Amino acid sequence: KELIRSDWKPVFLDEHQNQTLIVLSDLIIPETDTPGAKKALVNRFIDLLLAAETPGTQRSFLNSLAYLDGLSIQQHRSGFVHLPREKQVELLNLIAYPHTLGTWGEKANEFEGFTHFSNLKGWISRAYYSSEIGMRELGWDGSSFHGDLQGCSHSPGEHK
């Protein structure tokens, strides 16, 4: 109930980080014929989870979010949230797949963008499919109970 309040404010993320997470989650799980991550309030759920996480986990998430913004500034001189949607998609396509960046004669290094993207995508997808909207997409019908528990069918002492 707390997450759906109209006066909701992030507990852990700052406003820029929160806006970046909203845009990113909407690009990863957009609204189609079913509601997307934005409608599922994924950013709010992640903010709540991060507030209770260990400092290492918090730092890992923030580093991945900062990497996305840093790459955006490096390539387009603007933060990720301020890019046109097609540039945001272009940037995500660059980091969404594992590849190597290297120069001739040097050992190619693993591209860290993929690691950061995978981290963020993991958080977003777990939060989405933990939401009511995501669970319904997986087939949950909204009921908490699915009939009576029948219990064991054998007689006492029968299971040796």
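Model, not experiment: these values are computed from the prediction.
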Within-4.5 Å side-chain heavy-atom neighbours: F117 and I28: yes

Cluster link L120 to I22, ILVMFWY, side chain under 4.5 Å: no

Side chain to side chain, S72 and L83, heavy atoms closer than 4.5 Å: yes

Beyond-backbone contact of L50 with F61, side-chain heavy atoms, under 4.5 angstrom: yes

Donor-acceptor pair between S60 and T57 side chains, under 3.5 angstrom: no

Sidechain N-carboxylate O distance under 4.0 Å for D47, K9: no

Same apolar cluster (I L V M F W Y, side chains within < 4.5 Å links), L91/V89: yes

Parallel, tilted or perpendicular, as decided by the 30° and 60° cut-offs, for the rings of H116 and Y67: parallel

Close side-chain approach of I73 and R77, heavy atoms under 4.5 Å: no

Separation of I95 CD1 from K121 NZ (nearest 0.5 Å): 10.5 Å

Atom pair CG (N119) and CZ (F114), whose distance is rounded to the nearest 0.5 Å: 11.5 Å

Point-to-point distance, once rounded to the nearest 0.5 Å, from CG of N63 to CD of E112: 9.5 Å

Euclidean distance, K38 NZ relative to L24 CG, rounded to 0.5 Å: 13.0 Å

Side chain to side chain contact (heavy atoms under 4.5 Å, CB included) partner of W8, chosen from L48, N43, L41: N43

Interatomic spacing from CD in Q17 to CG in L68 - rounded to 0.5 Å: 12.0 Å

Within-4.5 Å side-chain heavy-atom neighbours: I29 and I124: yes

Residue pair Y128 / S25, side-chain heavy-atom distance below 4.5 Å: no

pair F12-L49: side-chain heavy atoms closer than 4.5 Å: no

N/O donor-acceptor pair under 3.5 Å between D69 side chain and F80 backbone: yes

Spacing of NZ belonging to K87 relative to CD belonging to E90, to within rounding of 0.5 Å: 4.5 Å

Side chain to side chain contact (heavy atoms under 4.5 Å, CB included) evaluation trace for D26 with K39: CA-CA 9 Å; D26 190 47; K39 185 99 166 191; over 6 Å; no

Closest non-hydrogen atom pair, S130 against R126: OG-O, 2.7 Å

Close side-chain approach of Q75 and L71, heavy atoms under 4.5 Å: yes

